[in-house]
Amino acid sequence: MNPKYIYNVIVAAGSGSRFGASLPKQFCILEDRPVLMHTIENMQKALPGSHIILVLNPDFFEYWDEICRKYGFYSPKIVAGGNNRWQSVKNAISQIPHDAEIITIHDGARPIVDKAMVCRVINALDNGFGAIPVVPITDSLRQLNKSGSMPVNRELYRAVQTPQAFHASKLREAYTLPYDSSFTDDASVMSAAGYDDLLIVDGDSYNIKITHPLDIEIASIYLRYK
Ligand code: C5P
């Protein structure tokens, strides 16, 4: 696949309300610079020659500009985010040229994104129109019900990560559906559009999504280890 037809959307327009800091988690400092700069750089390294589109909340456009100057960081093209992840991705897709063949979507809050894993996801697209990285569940699982909860077989479940990659035409079509609150990622949007047989590839347990303040400490250990 010629990388010039691959467009990588990095969604970073969330407020990070679970993180509980004054700045959204994607701007917090991880080792030497903000989380988001690691994410962008690692995606660039994973797929050299491909395009990156960064989705930010317009309230942070000026701040991003400021920190890019401070860290001497060259920003990719920026698109304004929406009120939820789905809207942010939709806005980005609307800015992607029509000659795009593959669109990947990656959470800005996952800075430890690894080249080998990204290549597994992209290469899987030779055999299908969508590929997603997953990892096994290590905790035991219970399903909540009216009378309490019941155990479920964790072997039947996987945790889903990003980047997720899709043939551009299929993703564009899925994103014409109206919003549903069950859309927590792009695979769920594709499933709602009837594209259920997405290819599952091995994710990476280091590819954590920064969610709580302690995750920054964990990510810095992972960064040094990688
Ligand atoms: O909230 P959650 O951690 O699931 O968000 C996943 C990713 O989606 C984050 O990188 C976040 O910045 C992004 N997002 C976005 N626009 C929103 C909400 C979340 O780009 N309105």
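Counting starts at 1 for both ligands and their atoms, in listed order. Source: prediction; values computed, not measured.
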Margin query: So does Glu155 get a backbone contact from the side chain of Arg158, meaning a donor-acceptor N/O pair under 3.5 Å?
Written below: yes

>> Donor-acceptor check, side chain of Asp180 to backbone of Phe183, threshold 3.5 angstrom: yes or no?
In response: no

Q: Could you tell me whether a side-chain N or O of Arg154 sits under 3.5 Å from a main-chain N or O of Leu141, the two making a donor and an acceptor?
A: no

A student checking ligand 1 against Ala109 at a 4.0 Å heavy-atom cut-off should list atoms 10 (O)

_Tyr206 and Tyr225 aromatic ring geometry - parallel, tilted or perpendicular at 30°/60° bounds_ = tilted

For Asp107, the atoms of ligand 1 under 4.0 Å from one of its heavy atoms are 6 (C), 7 (C), 10 (O)

Q | Heavy atom of Ala12, distance to ligand 1 below 4.0 Å | A | yes

Note: ligand 1 atoms sitting under 4.0 Å from heavy atoms of Asn83 are 21 (N)

- For ligand 1, find out whether one of its N or O atoms is nearer than 3.5 Å to an N or O atom of Val55. no

Rounded to the nearest 0.5 Å, the OG atom of Ser50 sits from the CD atom of Gln44 at a distance of 8.0 Å

The reported gap from CZ in Phe129 to CD1 in Ile102 (rounded to nearest 0.5 angstrom) is 13.5 Å

So the atoms of ligand 1 within less than 4.0 Å of a heavy atom of Lys209 turn out to be 2 (P), 3 (O), 4 (O)

Contact region, Lys25 to ligand 1, non-hydrogen atoms below 4.0 Å, reads side chain

Under 4.0 Å from one or more heavy atoms of Ser88, ligand 1 contributes atoms 15 (C), 16 (N), 17 (C), 20 (O), 21 (N)

